Undergrad: 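Here it is, the structure in full.
Nothing here was measured: the structure is a model prediction, and the numbers come from that model. Throughout, numbering of the chain's residues begins at 1 and tracks the sequence.
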Amino acid sequence: MANIGEVKNKQVIFRDYVRGFPKESDFIITSATIRMKLPQGSNGVLLKTLYLSCDPYMRLLMESQSAPTSYSPGSLLFGFGVAKVLESAHADFNEGDLVWGTMKWEEYSVVEEPGKLIKIQHTDVPLSYYTGILGMPGITAYFGFHDVCSPKKGEYVFVSAASGAVGQLVGQLAKLMGCYVVGSAGSREKIELLKNKFGFDEVFNYKEEQDLDAALKRCFPEGIDIYFENVGGKMLDAVLLNMRPHGRIAVCGMISQYNLDQSEGVHNLLHLVLQRIRMEGFSAPDYFHLNAKFLEAMLPNIREGKISYVEDTVHGLESGPAALIGLFSGLNVGKQVVAISTE
């Protein structure tokens, strides 16, 4: 029997390093107990998890040498999330505050160093938006497009994985700038969404195209000025053949490569030279310090209905692993969110 002040705390444990596509059996759903009080002398916060984010980069943390922050076998999964502060011993946070940032996959957490958590000031929009359009994917889309791509009105923009958490925003930001925007996605439902909800000028289902180069030439007879890269592999190779002089490629991710033992080569890189193309990688945390500027730009667009956002939500921590691995076979339609508690 739990002691007074202790509650059950459901958790997701990372079983072991993954090769190929992750499976549900790579994760263990377990239940521990947690004391609903900060330890003596703590300088941290006690959090109640509200929403957790499923993001493609998490696959990279499932390999032993991929990143300094890789998951450890037998330890808790972590990623971006939204939580409520139940108790605080830290000067920057008070009980009742809402925060987003990196969180463990459990229902309640003690964060001993909460300095990197971002306080949520605007609650007139759904809190789940801070896992997406107003969180890491939103910052990725906004600064990746405006800062890395240096867009100009009237330019030709191509977005791969265009219905995902980042792609749907890049396309709409490009439309707001007066660009011509084409997106690719992998199902009819996603294609409809891109055209009817997000306002893309042209779309194609990459799974139905025999020849990606021909598909791009059909959509961009004049060529591509900006490619927002989420996919890599064969798509990147085809895009390189279709870039205009002084084109820009912002490399956000390469989801087609994450589950391969051996990455596919890219064959058309000479076009970077021939067309004077700039290709640049970037990461959202590079821009977290500009969060206030980002919200100032993004919130009015949401409130005025100029930007739409589609979420794919599952409920309960136990639904999290299946939702996370579904990203890699395109099961999600929009931003994949795990709702843990509504408060």
Undergrad: Any idea which heavy atoms bring Glu264 and Ser256 closest together, and the distance?
TA: OE1-OG, 4.5 Å

Undergrad: Given side chains that start at C-beta, do those of Ile325 and Phe21 come closer than 4.5 Å, heavy atoms only?
TA: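 No. Closest side-chain heavy atoms not under 4.5 Å.
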
Undergrad: Would you give the length of the straight line joining atom OG of Ser128 to atom CG of Leu52, rounded to the nearest 0.5 angstrom?
TA: 12.0 Å

Undergrad: Do side-chain atoms of Asn9 reach the backbone of Ala32 as a donor and acceptor pair under 3.5 angstrom?
TA: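 The answer is no, because no donor-acceptor pair under 3.5 Å joins these two groups.
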
Undergrad: Looking at Glu304, I want to see if its CD is surrounded by more than 12 non-hydrogen atoms of other residues, nucleotides or ligands under 6.0 Å.
TA: yes

Undergrad: Tell me the closest heavy-atom pair linking Val338 and Cys54, and the distance in Å.
TA: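 Closest approach of Val338 to Cys54: CG2-SG, 3.7 Å.
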
Undergrad: Look at the rings of Phe294 and Tyr142 and say which category their plane angle falls in: under 30° parallel, 30 to 60° tilted, over 60° perpendicular.
TA: perpendicular

Undergrad: Locate the shortest heavy-atom distance separating Ser42 from Gly44; write the atom from each residue and the value.
TA: OG-N, 2.9 Å

Undergrad: Treat each ILVMFWY residue as a node, draw an edge where side-chain heavy atoms are under 4.5 Å apart, and state whether Val266 and Leu241 are in one component.
TA: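 Hydrophobic grouping puts Val266 apart from Leu241.
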
Undergrad: Taking atom NZ of Lys175 as the centre, report whether more than 12 heavy atoms of other residues, nucleotides or ligands fall under 6.0 Å from it.
TA: yes

Undergrad: Would you compute the distance between atom CG of Leu46 and atom OH of Tyr108 and round it to the nearest 0.5 angstrom?
TA: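 Answer for the CG-OH pair, Leu46 versus Tyr108, is 9.0 Å.
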
Undergrad: Stepwise, does the side-chain contact (heavy atoms from CB on, under 4.5 Å) test hold for Ile118 with Trp100?
TA: CA-CA 5 Å; Ile118 296 173; Trp100 74 268; 3.3 Å; yes

Undergrad: Out of curiosity, does Tyr129 fall in the hydrophobic cluster containing Leu98 (side-chain heavy atoms, cut-off under 4.5 Å, transitive links)?
TA: yes

Undergrad: Under 4.5 Å between side-chain heavy atoms, hopping through other hydrophobics if needed: is there a path connecting Leu260 to Met235?
TA: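 No, because Leu260 and Met235 fall into different hydrophobic clusters, even though each may have its own neighbours under 4.5 Å.
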
Undergrad: Taking the side chain as every heavy atom from C-beta outward, state whether Pro114 and Asp92 have any atom pair closer than 4.5 Å.
TA: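 Pro114 does not reach Asp92 side chain to side chain.
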
Undergrad: When you compare the side chains of Ser53 and Tyr130, does any donor N or O come within less than 3.5 Å of an acceptor on the partner?
TA: no

Undergrad: Start with the C-alpha distance between Lys234 and Asp213, add both sets of side-chain angles, then the distance that settles salt bridge (charged side-chain N to carboxylate O under 4.0 Å, His left out), and finish with yes or no.
TA: CA-CA 9 Å; Lys234 295 179 177 67; Asp213 177 34; over 6 Å; no

Undergrad: In terms of hydrophobic clustering (I, L, V, M, F, W, Y; side-chain heavy atoms under 4.5 Å; direct or indirect links), are Ile28 and Leu317 co-clustered?
TA: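 Different hydrophobic clusters.
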
Undergrad: More than 12 foreign heavy atoms under 6.0 Å from CD of Glu95: is that the case here?
TA: no

Undergrad: If hydrophobic clusters are built from ILVMFWY residues whose side chains come within less than 4.5 Å, do Leu50 and Leu76 share one?
TA: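 In one cluster: no.
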
Undergrad: Looking only at heavy atoms, what is the nearest atom pair of Tyr227 and Ser160, with distance?
TA: OH-OG, 2.9 Å

Undergrad: Stepwise, does the side-chain contact (heavy atoms from CB on, under 4.5 Å) test hold for Ile307 with Leu169?
TA: CA-CA 8 Å; Ile307 287 188; Leu169 293 174; 3.9 Å; yes

Undergrad: Can you label the angle between the Phe27 ring and the Phe14 ring as parallel, tilted or perpendicular, going by 30° and 60°?
TA: tilted

Undergrad: Quick check: do Asn291 and Ile139 have side-chain heavy atoms less than 4.5 Å from each other?
TA: yes

Undergrad: If we only count heavy atoms from C-beta on, is the Lys84 to Leu127 side-chain gap below 4.5 Å?
TA: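 Heavy-atom side-chain distance check fails, nothing below 4.5 Å.
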
Undergrad: I need the Lys190 NZ to Ser163 OG distance, nearest 0.5 Å.
TA: 4.5 Å

Undergrad: Determine yes or no for a side-chain-to-main-chain donor-acceptor pair under 3.5 angstrom, with Glu107 supplying the side chain and Lys10 the backbone.
TA: yes

Undergrad: Evaluate the side-chain proximity of Met103 to Leu117: yes if any heavy-atom separation is below 4.5 Å, no if none is.
TA: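 A side-chain contact under 4.5 Å exists here.
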
Undergrad: Heavy atoms only: give me the nearest Pro300-Glu296 pair and the separation to one decimal.
TA: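 Scanning both residues completely, I find the closest heavy atoms to be CD-O, 3.2 Å.
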
Undergrad: Counting only heavy atoms from other residues, nucleotides and ligands, does the tally under 6.0 Å from NZ of Lys306 exceed 12?
TA: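 Count not over threshold, so no.
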
Undergrad: Using the side-chain contact (heavy atoms from CB on, under 4.5 Å) rule, take Ile224 and Met243 through it: C-alpha gap first, then chi angles, then the decisive distance, then the call.
TA: CA-CA 5 Å; Ile224 300 167; Met243 292 296 291; 3.8 Å; yes

Undergrad: Among Phe200, Phe228, Phe204, find the one that has a ring pair (Phe, Tyr, Trp, His ring centres under 6.0 Å) with Phe158.
TA: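 In the set Phe200, Phe228, Phe204, the residue that makes a ring pair (Phe, Tyr, Trp, His ring centres under 6.0 Å) with Phe158 is Phe204.
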
Undergrad: Ignoring hydrogens and angles, tell me if any N or O in the side chain of Glu6 forms a donor-acceptor pair with the backbone of Lys8 under 3.5 Å.
TA: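 No; zero donor-acceptor contacts below 3.5 Å.
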
Undergrad: Using atom types as modelled and distance alone, determine if a side-chain donor or acceptor of Asp97 lies under 3.5 Å from a backbone N or O of Val85.
TA: no

Undergrad: Would you say Arg244's side chain and Glu222's backbone share a donor-acceptor pair under 3.5 angstrom?
TA: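 Here the side-chain-to-backbone pair exists.
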
Undergrad: OG/Ser184 to CD/Glu202 distance, rounded to the nearest 0.5 angstrom?
TA: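 If I round to the nearest 0.5 Å, the distance is 12.0 Å.
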
Undergrad: Begin with the C-alpha distance, continue with both residues' side-chain angles, and end with the deciding distance and a verdict on side-chain contact (heavy atoms from CB on, under 4.5 Å) for Leu193 and Glu189.
TA: CA-CA 6 Å; Leu193 205 58; Glu189 184 183 2; 6.0 Å; no

Undergrad: For the residue pair Pro73 and Asp16, what are the closest heavy atoms and their distance?
TA: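 Shortest heavy-atom separation between Pro73 and Asp16 comes out as CG-OD1, 3.5 Å.
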
Undergrad: Any chance you could lay out the salt bridge (charged side-chain N to carboxylate O under 4.0 Å, His left out) test for Glu280 and Arg248, step after step, and finish with the verdict?
TA: CA-CA 8 Å; Glu280 185 177 342; Arg248 284 84 69 208; over 6 Å; no

Undergrad: Check this for me: Arg278, atom CZ, are more than 12 non-hydrogen atoms of other residues, nucleotides or ligands nearer than 6.0 Å?
TA: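 Count over threshold, so yes.
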
Undergrad: How far does CE of Met298 sit from CG of Leu134, to the nearest 0.5 angstrom?
TA: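 Between atom CE of Met298 and atom CG of Leu134 there are 7.0 Å.
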
Undergrad: Taking the side chain as C-beta and beyond, is there a heavy-atom pair between Arg59 and Val18 under 4.5 Å?
TA: yes

Undergrad: Are Phe220 and Asn242 side-chain neighbours, meaning at least one heavy-atom pair lies under 4.5 Å?
TA: no

Undergrad: Answer yes or no: are there more than 12 heavy-atom neighbours, outside Lys119 itself, under 6.0 Å from its atom NZ?
TA: yes

Undergrad: To the nearest 0.5 Å, tell me how far His122 NE2 sits from Leu299 CG.
TA: 5.0 Å

Undergrad: Ignoring hydrogens and geometry, is there a side-chain-to-backbone donor-acceptor pair from Gln172 to Ser308 under 3.5 Å?
TA: yes

Undergrad: Give a yes or no answer on whether the side chain of Arg15 reaches the backbone of Ser25 with a donor-acceptor pair at less than 3.5 Å.
TA: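 Answer holds: yes.
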
Undergrad: Going through the checks in order, is the ring-ring contact (aromatic ring centres under 6.0 Å, His included) test met by Tyr17 and Tyr71?
TA: CA-CA 8 Å; Tyr17 295 124; Tyr71 300 129; 9.5 Å; no

Undergrad: In terms of heavy-atom contacts, does CZ of Arg188 have more than 12 from other residues, nucleotides or ligands at under 6.0 Å?
TA: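 Not buried by this count: 12 neighbours or fewer within 6.0 Å.
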
Undergrad: With a 4.5 Å heavy-atom cut-off, do Asn94 and Ser88 have their side chains touching?
TA: no

Undergrad: Counting N and O atoms only, with roles assigned by atom type, does the side chain of Glu87 sit under 3.5 Å from a partner on the main chain of Leu38, one being a donor and the other an acceptor?
TA: yes

Undergrad: Hey, is the main chain of Gly334 close enough, under 3.5 Å, to the side chain of Asp312 for a donor-acceptor pair?
TA: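 No, Asp312 side chain to Gly334 backbone: no donor-acceptor pair under 3.5 Å.
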
Undergrad: Within the distance-only criterion (no hydrogens, no angle test), does the side chain of Asp201 pair as donor or acceptor with the backbone N or O of Val182 below 3.5 angstrom?
TA: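 Not confirmed, Asp201 side chain does not pair with Val182 backbone.
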
